[in-house]
There are 2 protein chains.
Amino acid sequence: MATMQDVARRAGVSVSTVSYVLTGARPISQATRDKVHAAMAELDYQPNAMARGLASRRSRILGLLMPMDERGLGATETAFVTGAAAAASAAGYHLVLSPIGVENTDELRRLASQRMLDGALLMEVQLDDPRVDLLRGLGVPLVLIGRTADTNGLSYVDIDFDRTVRDAVDHLVGLGHRRIAYVNHSAATIAHGYGPALRTRDAFVAAMTGHGLDPLMIAAEDSAAGGRAALSDAFGRAPDLTAVLAMNENAVFGILGELAGRGLSVPGDVSVVSMVTSPQVAELATPALTAMTSPGSALGRIAVETLLRHLDGGSGELHQQLLPCVLEVRGSSGPPRAAGGDSTTGDGPARPAPARTEEAARRRAATRRRA
Amino acid sequence: MATMQDVARRAGVSVSTVSYVLTGARPISQATRDKVHAAMAELDYQPNAMARGLASRRSRILGLLMPMDERGLGATETAFVTGAAAAASAAGYHLVLSPIGVENTDELRRLASQRMLDGALLMEVQLDDPRVDLLRGLGVPLVLIGRTADTNGLSYVDIDFDRTVRDAVDHLVGLGHRRIAYVNHSAATIAHGYGPALRTRDAFVAAMTGHGLDPLMIAAEDSAAGGRAALSDAFGRAPDLTAVLAMNENAVFGILGELAGRGLSVPGDVSVVSMVTSPQVAELATPALTAMTSPGSALGRIAVETLLRHLDGGSGELHQQLLPCVLEVRGSSGPPRAAGGDSTTGDGPARPAPARTEEAARRRAATRRRA
DNA sequence: CTGAAAGCGCTAACAA
DNA sequence: TTGTTAGCGCTTTCAG
């Protein structure tokens with residue numbers, strides 16, 4: 001493995017000159033620069049990251065703190081990660097992802113105080129996030145993906161939930177829907193102060209009220225079962241329901257299952273719109289889901305660029321930016337059935353259908369579709 | 001930020017003594033050790049990772065090379081990652097995930113030849129993977145998650161696809177199914193030599209033949225649409241089909257959608273079993289999918305332990321290990337309808353009572369865990 | 001515009 | 001059982 005010494009010798013210059021060619025920290029004549037580059041190429045020289053880090057006190061590593069629960073990463077998060085990695089790489093930095101949990105402060109402290117990270121991006125930010133104080137205390141520059149309750153002195157990029165919810169509601173209202181249920185994350189999640197759940201809740205109330213409509217929010221566990229229960233709940237509270245807006249990506253599938261089980265068609269009887277959802281997931285459903293597509297990749301790029309600016313400029317300007325999700329209309333949303341609707345007439349129970357009648361109902365649905 | 005000098009001074013010993021206390025590379029008397037530990041605690045000392053890395057020529061960083069496509073990470077991969085991270089952390093190593101693509105050899109070379117990685121775990125291994133030669137050429141120890149075509153001289157951990165397919169087929173045959181379709185990945189993926197697709201194909205043929213049955217394999221695009229098409233195809237080729245085994249996790253949802261669209265019930269008319277699928281995804285479907293659950297976390301742990309052994313022992317023993325997925329029966333598999341007999345009797349499909357209770361219990365447990 | 005040399009904070013011989 | 005010291009490979013003053 002060639003060292004800078006080797007390169008210097010071969011190019012007939014001093015090590016410092018090689019170093020300056022590499023870092024560009026002081027002007028070098030074109031002739032010398034060429035000699036050095038030639039020598040580096042011939043020796044297939046690669047700077048030693050540890051030595052450089054020790055001498056410069058800069059690791060050139062950016063940490064992406066990405067807590068992973070057992071549910072995995074959605075396409076949204078993935079887009080974010082790849083966007084961030086590309087931006088970091090373009091700037092000559094490495095982006096390393098660390099699956100350290102939000103509460104695992106020991107592990108994070110170990111990582112951060114060993115001077116391994118020049119800066120950090122925090123994903124899954126909580127309203128009161130222990131990682132923020134820890135990292136600030138250690139003097140590690142950071143950018144949030146999401147927002148804490150108090151964003152004072154913090155840079156962040158986040159989804160514009162207000163705007164996203166408003167656009168989704170406008171879409172449904174524009175189609176003629178008046179009775180819309182919003183299926184949020186679970187009550188526990190909301191109580192725990194999960195930002196997106198709180199913000200979308202408030203935005204939904206505002207958007208519906210703005211249209212002179214009655215907001216109906218249902219909390220749902222993050223699972224298909226949760227979605228089924230939520231839908232039953234929704235019909236219990238609003239039998240004239242014609243549309244569902246869902247923040248809970250996991251519950252969406254349960255909602256669809258329960259609708260099919262009740263013999264209700266999508267979007268004929270009920271329209272479904274999924275929030276902050278990737279095209280990939282949207283296409284998984286039948287019919288494909290109309291969804292608010294999150295700006296994952298752009299968020300990642302912007303976050304990294306912001307962080308790099310902080311590293312260079314010392315304590316430069318804060319950057320607080322919100323990006324909305326974009327409406328992509330697919331097959332799951334359409335105009336409601338003409339008023340006086342009969343969607344729950346006949347034998348459809350108002351109470352949650354037990355699993356066994358679900359089968360029968362599905363058969364009815366299929367039959368009707370063929371007719 | 002305290003240095004080792006500071007600790008040494010404060011403890012009244014030499015720097016090397018402090019170093020040896022930390023690394024355990026030579027015996028230190030209990031008295032001295034205590035003094036040093038006390039000094040470290042008082043100064044809140046943390047070793048500088050760069051300095052340590054430079055001096056020891058060991059970064060104590062393990063790279064997890066994890067190509068990310070736009071589809072995101074499944075729960076299986078997530079379990080793998082967390083299992084690996086836990087094992088690394090327990091050994092005093094950092095596990096950094098790098099989203100570098102398989103073909104992005106430049107970026108990988110940069111990462112590896114800067115001596116930033118002590119070793120690497122490769123995910124999404126292809127039969128002929130360019131990363132393997134690159135890393136071996138650079139002298140970076142590695143462990144594969146999956147297998148190349150030629151595993152000579154390589155350590156790997158992988159899923160035991162033979163065993164997994166056999167167990168799945170046995171489950172269905174045991175229920176009485178004779179006509180089973182296997183929905184694999186796409187023809188392009190198979191042609192491209194994707195290991196799991198090839199191995200499961202061969203295993204399926206072997207398993208079916210072993211039961212004296214006719215193997216029917218269908219290739220499907222990795223999407224709901226692909227699944228729907230595959231199911232139509234399957235019924236075209238085998239109208240008497242009673243069970244579907246699916247390797248293609250994305251297609252599964254299309255299969256279920258198409259079955260519902262045809263008015264066929266699951267598992268009453270057709271049983272569905274999903275391969276290499278996490279409980280989380282299995283629960284997304286209605287009914288929840290009987291699936292072969294992948295041993296993600298165990299694979300991650302074993303892979304890291306293997307890699308660490310390679311670092312210590314120099315070029316120690318190779319480790320090649322296969323772990324099977326475990327059958328978890330949920331609601332989507334049951335006995336086939338009695339042959340010839342029709343039996344849309346009463347209120348639903350025959351479904352083993354145990355499965356139903358089991359499923360309910362699991363859902364309760366999951367809910368509880370989340371609360 | 002370029003070179004010489006003093007570290008960066010730690011590890012690991014070599015000595016005692 | 002402990003101390004002394006020469007680097008690890010690079011950055012960055014300080015001189016020219």
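Letters A, B, ... mirror the listed sequences (proteins, then strands); counts begin at 1.
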> Please check: side-chain N/O of A:Ser89 versus main-chain N/O of A:Ala85, any donor-acceptor pairing under 3.5 Å?
no
> Could you tell me, to 10°, how much the axis swings from one end of the helix from C:dC1-D:dG16 to C:dA16-D:dT1 to the other, five pairs per end?
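Roughly 30°, once rounded to the nearest ten degrees.
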> Could you tell me which non-hydrogen atom of B:Ala2 sits nearest to which non-hydrogen atom of B:Tyr45, and how far apart they are?
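Smallest heavy-atom distance, with atoms named: O-CD1, 3.4 Å.
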> How does each nucleotide of nucleotides 6-13 of chain C score, in 5' to 3' order, for protein heavy atoms under 4.0 Å: base (B), sugar-phosphate only (S), or none (-)?
-BBBBBBB
> Counting C-beta onward and ignoring hydrogens, is there a side-chain heavy-atom pair between A:Asp129 and A:Leu127 closer than 4.5 Å?
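With C-beta onward as the side chain, the pair stays apart.
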> Is it the case that more than 12 heavy atoms not belonging to A:Asp128 sit under 6.0 Å from its CG atom?
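12 or below, so no.
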> One thing to verify: whether A:Arg9 and A:Asp6 come together as a salt bridge, which I'm taking to mean a side-chain N less than 4.0 angstrom from a carboxylate O.
yes
> If only atom types and distance count, is the side chain of A:Asp118 paired as donor or acceptor with the main-chain N or O of A:Ser59 below 3.5 Å?
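Yes, A:Asp118 side chain to A:Ser59 backbone: donor-acceptor pair under 3.5 Å.
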> Could you tell me from which nucleotide to which nucleotide of DNA chain D, 5' to 3', there is an atom under 4.0 Å from chain A heavy atoms?
D:dG9 to D:dC14
> Could you list the residues that satisfy side chain to side chain contact (heavy atoms under 4.5 Å, CB included) with B:Ser155, not counting sequence neighbours?
B:Val143, B:Thr306, B:His310, B:Leu318, B:His319
> How about B:Arg110 and A:His94: do any of their side-chain heavy atoms sit closer than 4.5 Å?
yes
> For A:His192, what residues pass the side chain to side chain contact (heavy atoms under 4.5 Å, CB included) criterion, not counting sequence neighbours?
A:Gln126
> Would you list the pairs meeting side chain to side chain donor-acceptor pair (under 3.5 Å) in which at least one residue belongs to residues 139-152 of chain B, sequence neighbours left out?
B:Arg147-B:Asp158
